[in-house]
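Structure first, then comments.
Being a predicted model, the structure only gives us computed values, none of them experimental. By convention here, the first residue in the shown sequence is residue 1.
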Amino acid sequence: MKFTVLTLFPDIVKAFFENSIMAKAVEKEIIAYDLVNIRDFSLDKHHTCDDGTYGGGAGQLMLAEPLGRALDSVNARKKCVIYVTPSGKPFTQKLAQQLSHKDELVFICGRYEGIDQRIIDSYVDMEISIGDYVMSSGEIAATVVIDTVYRLIDGVISHESLEEESYCDGLLEYPQYTRPPVYKEMEVPPVLLSGNHEEIRKWRLKKKLMKTILNRPDLICEARKNCQLTEEAEKMIGEITEQSCLKNKIQRKMKK
């Protein structure tokens, strides 16, 4: 798979591709990348790539012409072009899975107030938001999407690791532990040291459900809607809910 990134600051993105697991994936030729400096396509001596917006208002907007020429240089009209923007479609693990099957993704890294709407209308296939907040760096937003997508490509990370992660089955991941068995008087749960794989599986499932109920109850509703929960999971949810209700009652009585 190839990632092509159009940016005013290629050094920010370059470091991402040259380190950690990504660097190994590039070395193994599982991943390829191309960084395109948009300033190289500005025709004036100052390499201008932004200007004020029509209609007034504070801030600068990236110019259409240099960015359009940069997109044409990578034959963007025949590829999947993504613009990462706060006003885009929410980015999810499901969307990352879909994008991981593409041969090439072209990313436009916005700056200032964003990019001219005519570029979006002419070139962009998908506008993606990584969250309900605004960043100054389109480069960081783009690398968030790239990092989520590339690790799903065959040969980058083992399937076993991916199957145990958050969102793979609609739930958050269970707590994990490593050496030492005791840290600052806190012990690793005995079940994880027991060697009983069935009990470990049940413990992990229950912890996944507890964490999801506590942090993201909306995911439980979504998992039920998509029929992702087993009878065993539904029974555990009932037990967890009853225990939580009892705990709340005891705490209220103690306060009185």
Side-chain angles (χ1 to χ4, degrees), residues 1-17 22 31-150 152-153:
M1 185 179 199
K2 183 177 181 180
F3 296 100
T4 299
V5 184
L6 280 64
T7 168
L8 295 173
F9 302 94
D11 286 345
I12 294 176
V13 187
K14 185 179 180 183
F16 169 74
F17 283 100
M22 173 60 90
I31 302 296
Y33 71 96
D34 185 19
L35 305 180
V36 179
N37 192 333
I38 300 168
R39 292 193 188 279
D40 292 341
F41 297 87
S42 177
L43 302 182
D44 72 324
K45 64 179 181 179
H46 299 295
H47 299 290
T48 304
C49 286
D50 63 281
D51 204 346
T53 57
Y54 283 126
Q60 300 288 98
L61 195 70
M62 289 179 65
L63 293 168
E65 291 176 323
L67 182 50
R69 283 190 285 267
L71 286 161
D72 288 339
S73 75
V74 298
N75 203 17
R77 292 185 192 275
K78 295 183 178 181
K79 299 169 183 176
C80 181
V81 178
I82 295 172
Y83 173 45
V84 186
T85 168
S87 59
K89 177 181 181 180
F91 187 52
T92 63
Q93 190 69 20
K94 183 177 180 179
L95 180 53
Q97 287 279 4
Q98 295 171 2
L99 294 175
S100 70
H101 297 296
K102 300 286 186 181
D103 292 327
E104 182 173 355
L105 298 176
V106 178
F107 287 85
I108 300 174
C109 298
R111 280 276 167 169
Y112 319 119
E113 293 298 311
I115 66 177
D116 192 295
Q117 181 63 37
R118 290 167 292 185
I119 291 293
I120 297 174
D121 295 340
S122 301
Y123 293 92
V124 174
D125 297 295
M126 193 179 300
E127 295 178 77
I128 292 177
S129 168
I130 63 168
D132 295 340
Y133 48 86
V134 179
M135 302 175 66
S136 61
S137 172
E139 288 75 20
I140 294 175
T143 54
V144 167
V145 177
I146 294 170
D147 189 78
T148 309
V149 171
Y150 93 93
L152 300 175
I153 298 168

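Under the 4.5 Å side-chain criterion, counting only non-hydrogen atoms from C-beta, Ile146 is in contact with Met22. Between Glu65 and Leu43, the closest side-chain pair of non-hydrogen atoms is not below 4.5 Å. Counting only heavy atoms from C-beta outward, the side chains of Leu71 and Leu6 approach each other to under 4.5 Å. Taking 4.5 Å as the limit, some side-chain heavy atom of Phe9 sits within range of a side-chain heavy atom of Arg111. Contact of the Thr148 side chain with the Gln93 side chain is registered, since non-hydrogen atoms from C-beta on lie closer than 4.5 Å. The side-chain heavy atoms of His101 and Leu152, taken from C-beta on, include no pair separated by under 4.5 Å. With a 4.5 Å cut-off on side-chain heavy atoms, Leu8 and Tyr112 count as touching. No side-chain heavy atom of Leu61 sits less than 4.5 Å from a side-chain heavy atom of Asp51.
Within a 6.0 Å radius of CG in Asp44, more than 12 heavy atoms belonging to other residues, nucleotides or ligands are found. For Asp121, the CG atom is densely surrounded, since the number of other residues' heavy atoms within 6.0 Å is greater than 12. Around atom NZ of Lys79, more than 12 heavy atoms belonging to other residues, nucleotides or ligands sit under 6.0 Å away. The local environment of CZ in Arg77 is crowded, with over 12 non-hydrogen atoms from other residues, nucleotides or ligands closer than 6.0 Å.
Interatomic distance, SG of Cys80 versus CE of Met126, reported as 5.0 Å (0.5 Å rounding). The CG atom of Asp125 sits 10.0 Å away from the CG atom of Leu105 when rounded to the nearest 0.5 Å. The CD atom of Gln60 sits 8.0 Å away from the OG1 atom of Thr53 when rounded to the nearest 0.5 Å. Rounding to the nearest 0.5 angstrom, the gap separating the CD atom in Glu113 from the CG atom in Asp50 is 11.0 Å. Between the CD1 atom of Ile31 and the CD1 atom of Ile153 there is a distance of 3.5 Å, given to the nearest 0.5 Å. Rounded to the nearest 0.5 angstrom, Ile130 CD1 and Thr143 OG1 are separated by 8.0 Å.
Using modelled atom types, no side-chain atom of Lys89 and backbone atom of Leu95 make a donor-acceptor pair closer than 3.5 Å. Of the possible donor and acceptor atoms, none in the side chain of Ser129 sits under 3.5 Å from a partner among the backbone N and O of Ser87. Counting only distance, with no hydrogens or angles, the side chain of Ser122 and the backbone of Ile119 share no donor-acceptor pair below 3.5 Å. Looking only at distances, no side-chain donor or acceptor of Asp34 sits under 3.5 Å from a matching main-chain atom of Thr4. No donor-acceptor pair under 3.5 Å is formed between the side chain of Asn75 and the backbone N or O of Lys78.
Nearest heavy atoms, Tyr83 versus Ile108: CD1-O, 3.6 Å. Closest heavy-atom contact between Phe41 and Ser73: CZ-OG, 3.4 Å. Pairing each heavy atom of Ala76 with each of Tyr123, the nearest pair is CB-CD2, 4.3 Å. Across all their heavy atoms, Thr48 and Leu63 have their closest contact at O-CD1, 3.8 Å. Val149 approaches Met1 most closely through the heavy-atom pair CG1-CE, 4.1 Å. The shortest heavy-atom contact between Val5 and Cys109 is CG1-SG, 3.5 Å.
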Q) Do Met62 and Cys49 pass the side-chain contact (heavy atoms from CB on, under 4.5 Å) test, and can you show the C-alpha distance, the side-chain angles, and the key distance before you say yes or no? A) CA-CA 6 Å; Met62 289 179 65; Cys49 286; 5.7 Å; no

Q: Before giving the answer on side-chain contact (heavy atoms from CB on, under 4.5 Å), spell out for Thr85 and Ile128 the whole-Å C-alpha distance, their side-chain angles and the decisive distance to 0.1 Å.
A: CA-CA 6 Å; Thr85 168; Ile128 292 177; over 6 Å; no

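Checked against the 6.0 Å centroid criterion, the rings of Tyr33 and Phe17 qualify as a close aromatic pair.
Sequence neighbours left out, the pairs with a member in residues 6-16 that pass side chain to side chain donor-acceptor pair (under 3.5 Å) are Thr7-Glu139.
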